[in-house]
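To keep things clear, I will list the structure first and then write my remarks on it.
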Amino acid sequence: MKPKRVKKAKQEKKSYEISQSALYKTTSRSKLASILSVSIADIVDSVGDYKRFEMTPKLDPFNVGKTPKKRWVQKPKGKLLVIHERILKLLRCVEVPEYMQFALKGTSYKKNAEAHLNGSMVATLDISDFFRSTTKSQVFNFFRDRLECPGDIAKLYAELVTCDDCIPTGSPLSPLLSYYSNKPLFDELSELAKKSNLNFTCYVDDLTFSGTHITRSLLWEVEKLVKKYGHVTAAKKTRLFGVEVAKHITGTVISDGALKVPNARFRKIRLVKLAIEGKRSSFGLSKTQLEYKLGGLLGEAAYLDGDFKSLADTYNKNIRDINLASLGDGEYRPSPKAVELIDEKFIPPWEIVQPPETT
């Protein structure tokens with residue numbers, strides 16, 4: 001009898017200072033080729049090798065009031081994609097400040113919001129066209145100043161990872177590169193927050209501040225700093241949430257010091273449930289697809305708020321059991337049990353109006 005193979009536990013990759021990165025002080029083209037595992041000729045030929053196209057995100061009919069916007073995408077091809085993925089792999093191992101909450105393992109929109117759970121007040125701002133307004137010059141400065149590469153090598157790096165003089169929207173490297181190219185801005189925003197006794201986080205182009213008291217003048221200082229580095233904030237998206245109100249942060253809601261599921265997510269859950277029951281258009285989706293969609297939405301709710309974990313687990317288990325049972329004759333028979341788990345009159349707990357106390 002053969003002994004069972006024991007799987008080795010994956011070792012957690014340790015992060016290190018940027019001076020320990022293989023990219024640090026790339027002093028020549030031959031060293032660059034060695035780091036990227038690509039020949040010098042292929043490196044030079046790869047510059048500008050992008051597929052450019054206009055993309056319209058698929059409309060989700062259950063997202064009421066949200067119309068997807070067309071956007072131009074620049075996606076690296078062939079050897080250039082390999083180069084972008086290699087640089088990304090090397091940068092992922094570099095230590096980052098606590099305020100940076102995206103593009104790395106252990107960061108998420110949930111963790112970004114959790115950093116502000118104790119804030120009596122919260123301010124959120126959004127940088128407009130963040131990738132497009134992050135210039136080749138800023139990328140060059142990162143490779144020259146932070147990675148201490150000679151000017152000619154820093155220029156070649158910048159040419160490899162930018163398109164049309166800005167960060168490409170379709171590269172896997174772009175989110176992390178956008179952080180490093182704008183790190184001087186984020187560092188200044190972090191210092192501004194510390195001086196004002198506030199917490200600060202960034203989630204790509206979303207800036208969040210929280211603390212006991214946030215003034216309008218602080219928001220003005222933030223906007224000035226953003227402008228100093230060649231960006232602008234989206235005025236219509238700037239929000240200042242006071243005490244005792246729900247605070248919306250990157251797809252979540254903070255209420256009573258806890259992370260909650262946004263009302264828009266519940267509205268979507270109700271609409272999908274009605275479609276499963278035949279009370280609303282299914283928009284061409286089968287019952288199986290709708291039930292899996294509902295399961296995914298419940299899973300998202302459980303991810304944000306543990307109170308929904310039992311409901312999500314039970315629903316998804318029922319769906320799996322139903323589908324396994326239906327394999328007997330190849331015919332799918334949806335069960336009402338799974339749908340009935342969601343009460344159409346369900347009200348999120350923070351929406352419930354408590355009656356006044358009697359004395």
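Since this is a predicted model, take the numbers as computed values, not measurements.
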**OP:** Take Ile254 and Lys260 through the side-chain contact (heavy atoms from CB on, under 4.5 Å) test and state the conclusion after the steps.
**Re:** CA-CA 6 Å; Ile254 292 178; Lys260 303 293 182 181; over 6 Å; no
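- Proximity of Thr135 to Asp165: side-chain heavy atoms (C-beta onward) are nowhere separated by under 4.5 Å.
- Put simply, the side chain of Lys111 never gets that close to the backbone of Gln101: no donor and acceptor are under 3.5 Å apart.
- Between the side chains of His84 and Ser171, at least one donor-acceptor pair of N or O atoms lies under 3.5 Å.
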Original post:
Hey, mind stepping through Tyr157 and Leu147 against side-chain contact (heavy atoms from CB on, under 4.5 Å) and telling me if it holds?
Top reply: CA-CA 11 Å; Tyr157 267 125; Leu147 287 170; 5.9 Å; no
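- Within the 4.5 Å cutoff, no side-chain heavy atoms of Leu125 are placed close to those of Val226.
- Counting only N and O atoms by type, the side chains of Ser39 and Asp42 include a donor and acceptor under 3.5 Å apart.
- The shortest heavy-atom contact between Val204 and Phe130 is O-CE2, 3.8 Å.
- Taking the six-membered ring where tryptophan is involved, the planes of Tyr203 and Tyr109 are perpendicular, since the angle between them exceeds 60° and thus also 30°.
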Original post:
Please walk me through it: do Ile35 and Tyr24 pass side-chain contact (heavy atoms from CB on, under 4.5 Å)?
Top reply: CA-CA 10 Å; Ile35 292 168; Tyr24 188 70; over 6 Å; no
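- Aromatic ring centres of Phe308 and Phe266: separated by under 6.0 Å.
- Contact detail for Lys70 and Glu54: the closest heavy-atom pair is CD-OE2, 3.7 Å.
- Scored by the side-chain hydrogen bond (donor to acceptor under 3.5 Å, both in side chains) test, Gln289 finds Ser286 as partners (sequence neighbours excluded).
- Each of Asp206, Asn112, Thr250 was compared with Thr201 under the side chain to side chain donor-acceptor pair (under 3.5 Å) criterion, and only Asn112 meets it.
- The aromatic rings of Phe209 and Phe200 sit tilted, their planes meeting at an angle between 30° and 60°.
- With contacts defined as side-chain heavy-atom distances shorter than 4.5 Å, the pair His248/Arg239 does not qualify.
- Side-chain contact check for Lys79 versus Asp45: every heavy-atom pair is 4.5 Å or farther apart.
- No side-chain donor-acceptor contact under 3.5 Å links Asn197 and Thr212.
- Under a cut-off of 6.0 angstrom, the local environment of CG in Asp152 is crowded, with over 12 non-hydrogen atoms contributed by other residues, nucleotides or ligands.
- Under 3.5 Å, the side chains of Asp205 and His231 contain no donor-acceptor pair of N or O atoms.
- With hydrogens and angles disregarded, a donor-acceptor distance shorter than 3.5 Å links the side chain of Ser174 to the backbone of Pro168.
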